[in-house]
Number of protein chains: 2
Amino acid sequence: MRSKQDTLYVGSLAKGLRLLRAFDEEHTELSLAELAQRTGLDKSATQRLANTLHVEGMLDKDPDTRRFRPSHAWLQMAYAYYWSDPLVGQAMPKLIDLSQDLGETVNLTELSGDHIVYVSRLPCKRTYFAATIVGRRLPALSTSAGRAMLATFPAAERAAAVEGWSLRRFTPTTTLDRDEIGKSVEQAVRDGYSISTGQMILNEIGVASPIIGPGGRAYAAVQCSVSAHTWTRDRVIQEIVPKLQDTANAISPSFQTQRGGGFSGA
Amino acid sequence: MRSKQDTLYVGSLAKGLRLLRAFDEEHTELSLAELAQRTGLDKSATQRLANTLHVEGMLDKDPDTRRFRPSHAWLQMAYAYYWSDPLVGQAMPKLIDLSQDLGETVNLTELSGDHIVYVSRLPCKRTYFAATIVGRRLPALSTSAGRAMLATFPAAERAAAVEGWSLRRFTPTTTLDRDEIGKSVEQAVRDGYSISTGQMILNEIGVASPIIGPGGRAYAAVQCSVSAHTWTRDRVIQEIVPKLQDTANAISPSFQTQRGGGFSGA
DNA sequence: TTTTGCGTATCATATAATAATACACGCAGC
DNA sequence: GCTGCGTGTATTATTATATGATACGCAAAA
């Protein structure tokens, strides 16, 4: 049915991508049948597409169980991404310094629609698995990083975002009240950083400072997560925030002018 | 021409993947014409495939320059990979401890054909960019990690690998003499670890210890890179190797039995 | 101004993807 | 040990779908 834009839309390619997207936290290894079920494609199509992805090295296949798994090529995609994102190269050395200085986990996040994406992570303490790996997407409104970035936007956009961006409950203490989130964002406007507690994980304090880009708008942030067992909000503000802001500010200059915020997604 | 396996090979999908692979260290941002040139596809095909990838969120497009770039989805691929690789979850906390203990860069690498892939990196010191990001592929024979893993293979396989696996020059001091590499591997067989100098970068000392998997064969290794300006080979062996081996050995047990080395690529 | 290169859009053609079908295998229950 | 189900695999005729030549508009270069 040549759905989207008719002639310049290749359905087979799109279907192949659906196979790739079928793998996530809870589906780490899929059989042909599962793949077909999860993608909604019929058995034959799944077979052909999965086979192609296997031959092309995008999917590994267990010779015994015949189940498919993401291949190392998936990591190479990240490798290529890192080279293409000018921010990463600028930020990395400074983030390393910061993490060594603080002795706490430091992250680089970017805005992606109404979500944030962890682009680089420098774990210094043992934490839960998801906090140690890159590529995670979280609703921006539920994270200190998202709020810190949003705080650099014009008031009208802030309000619209607080109103409309997606939310999801992660812990019993995740804030779902948009008014409260709005206040947190406005606080970040005044402070120049954002701090939050127990949004993604219980007893976790997150604090973030925006990396100012073109037009004064931030599309990235330096973020730091610490345990509420060893830290208090006040101590974080006194001891971490200044260094966090210094780091973010040190990264910002290179991005004031170039790269006009462009590069839109679909 | 339905090249590979005729009926269960979807050419359009494979072509789409070629577009993705066109992005690398030196090609971080490509125009339609460049994309066509690099993939060998004609203009129309490139146009349709790139458009599809854009619509599906795999490629960002600068509205002004009309050039394409890897999107955040490329990082999400890495995210999915991490969940699917059982080794990462097991290793991560121990790697964090090790890096904090040593105060030096610690890496987790896996074997992928005759190359190694950096699966996780915990940089503690500023280094060159490529050493801070995951997904990099390097010829196994040129790396301490590759040699450490190879050393766990049967003698015949070791010999065949030393003879046949690919090599490439990275620095003036990269060893291209296969006899010498063979000796290094045999040394690793005796020592249980491998150490090398200036293979990838001048004045860099690399040392690696294998993570023993099923059948006593290693498909992964814990690796550590330090600067020859502040370290000597002997000091590395005395101060780093023991802790490195402890860490690798602590990760190994879970992989002695399960996951029969399977999951072959194409 | 002319030329060149690029991104975009359209269209007739037949190639290449489709989905139905059939077979082989392992496993559960009976 | 037989039967039936679920799976992975393989083959086929059919036509929908991807193709690539062609043409247009717009820049920047000559």
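These numbers come from a predicted model, not from an experiment. The chains referred to below are lettered A, B, ... by the order of the sequence lines, with proteins before strands, and numbering in each begins at 1.
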*Parallel, tilted or perpendicular: which describes the rings of A:Trp165 and A:Phe153, with under 30° parallel and over 60° perpendicular?*
perpendicular
*Check: B:Tyr82 ring centre within less than 6.0 Å of A:Trp74 ring centre*: no
If you check every side-chain atom of [X], which of [options] has the closest atom?
| X | options | value |
| --- | --- | --- |
| A:Gln47 | C:dA19, C:dT8, D:dT9 | D:dT9 |
| A:Ala33 | D:dT7, D:dA21, C:dT8 | D:dT7 |
| B:Arg48 | D:dG20, D:dT9, C:dT18 | D:dG20 |
| A:Lys43 | D:dA21, D:dT9, C:dA17 | D:dT9 |
| B:Leu32 | C:dT8, C:dA17, C:dA20 | C:dT8 |

How many whole angstroms separate atom [atom1] of [X] from atom [atom2] of [N]?
| X | N | atom1 | atom2 | answer |
| --- | --- | --- | --- | --- |
| B:Leu8 | C:dA19 | CG | P | 15 Å |
| A:Glu34 | D:dG6 | CD | P | 14 Å |
| B:Leu49 | C:dG7 | CG | P | 15 Å |
| B:Tyr9 | C:dA17 | OH | C1' | 14 Å |
| B:Asp64 | D:dA28 | CG | C1' | 16 Å |
| A:Leu35 | D:dT9 | CG | P | 12 Å |
| B:Arg67 | C:dT8 | CZ | C1' | 17 Å |

*asked:* Can you confirm whether B:Leu111 sits close enough to B:Ile116 that some side-chain heavy atom of one is under 4.5 Å from a side-chain heavy atom of the other?
replied: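 The answer is yes, as the side chains (C-beta and beyond) meet within the 4.5 Å cut-off.
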_Between A:Leu20 and B:Met77, is there a side-chain heavy-atom distance shorter than 4.5 Å?_
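The answer is yes, as the side chains (C-beta and beyond) meet within the 4.5 Å cut-off.
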*Can you check whether any acceptor in the base of C:dA16 is under 3.5 Å from a donor in the side chain of B:Thr7, or vice versa?*
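There is none.
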*Work out which heavy atom in A:Pro70 is nearest to a heavy atom in A:Asp60; give both atom names and the distance.*
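Scanning both residues, the minimum pair turns out to be O-OD2, 4.3 Å.
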Does the side chain of [X] get closer than 4.0 angstrom to OP1 or OP2 of [N] through an N or O atom?
| X | N | result |
| --- | --- | --- |
| A:Lys15 | D:dA18 | no |
| B:Ser31 | C:dG7 | yes |
| B:Arg66 | D:dA27 | no |

*Answer with base, sugar-phosphate or nothing: what part of the nucleic acid does B:Ser12 contact at a heavy-atom distance below 4.0 Å?*
sugar-phosphate
